[in-house]
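What you are looking at is a predicted structure, and each value in this text was computed from that prediction instead of being measured.
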Amino acid sequence: MRALLRHNLESIKTPGTWSHITDQIGMFSFTGLSEKVCEILIEKYHIYLLKSGRISMAGVNTKNVKYLAQSIQSALHDASK
């Protein structure tokens, strides 16, 4: 799932470097997203993660990974306004 998430983020040209997603191991991943971006993900896209950017990789699957990547890209755009 980590590789698939990274691939989706990179394929839609989401700003940033996403290698840290696949460099980490375990059930949780630190996304590196700001608190503002995390708040947008929670409130607007119903992606539930800590405001520190920590997300449970156990909740990412083949059915929602594309939505997650698109939501991250959109939240980054929204936060930059």
Side-chain angles (χ1 to χ4, degrees):
M1 285 294 79
R2 289 175 183 278
L4 193 54
L5 176 58
R6 179 180 174 185
H7 170 75
N8 276 273
L9 288 165
E10 291 174 344
S11 69
I12 60 174
K13 300 188 185 336
T14 305
T17 303
W18 300 102
S19 59
H20 62 279
I21 299 289
T22 52
D23 290 344
Q24 299 172 45
I25 59 170
M27 200 164 94
F28 296 93
S29 179
F30 181 69
T31 61
L33 300 171
S34 70
E35 184 173 334
K36 183 176 182 179
V37 172
C38 291
E39 288 173 350
I40 293 168
L41 285 169
I42 294 165
E43 294 170 13
K44 187 173 180 181
Y45 298 99
H46 305 283
I47 307 274
Y48 300 105
L49 70 165
L50 298 178
K51 291 181 182 178
S52 65
R54 187 172 173 222
I55 192 167
S56 172
M57 290 304 296
V60 182
N61 60 53
T62 56
K63 294 181 181 180
N64 66 16
V65 70
K66 186 175 181 178
Y67 176 76
L68 175 58
Q70 291 171 336
S71 298
I72 290 171
Q73 182 183 47
S74 296
L76 284 165
H77 177 72
D78 293 348
S80 69
K81 290 181 182 177

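Here R6 pairs with E10 under the salt bridge (Lys or Arg N to Asp or Glu O under 4.0 Å) rule; sequence neighbours left out.
E35 CD to I40 CD1: the interatomic distance, rounded to the nearest 0.5 Å, is 11.5 Å. Within the model, atoms CZ of R2 and OG1 of T22 stand 8.5 Å from one another, a figure rounded to the nearest 0.5 Å. Taking CG from D78 and OG from S71, the interatomic distance works out to 10.0 Å, rounded to the nearest 0.5 Å. In this structure, CD1 in I42 is found 14.5 Å from NZ in K44, a value given to the nearest 0.5 Å.
Using a distance-only test at 3.5 Å, with no hydrogens or angles considered, no donor-acceptor pair links the side chain of N64 to the main chain of V60.
Proximity of T62 to M1: side-chain heavy atoms (C-beta onward) are separated by under 4.5 Å at one or more points. Looking at heavy atoms from C-beta onward, H20 lies out of side-chain contact with F30 at the 4.5 angstrom threshold.
Nearest approach of V37 to A79, heavy atoms of both residues: CG2-CB, 3.6 Å. In terms of heavy atoms, L76 sits closest to P15 at CD1-O, 3.9 Å. Heavy-atom minimum distance, Y67 versus Y45: OH-O, 2.8 Å. Of all non-hydrogen atoms in L5 and L68, the two that sit nearest each other are CD1-CD2, 3.8 Å.
Note: the hydrophobic cluster containing F28 does not contain L9 (ILVMFWY, side chain heavy atoms under 4.5 Å, direct or indirect links).
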Mind listing the side-chain donor-acceptor pairs of residues 47-57 below 3.5 Å, one per line with the distance, residues two or more places apart or on another chain?
| residue | atom | partner | partner atom | Å |
| --- | --- | --- | --- | --- |
| Y48 | OH | H46 | ND1 | 3.1 |
| S56 | OG | A58 | N | 3.3 |

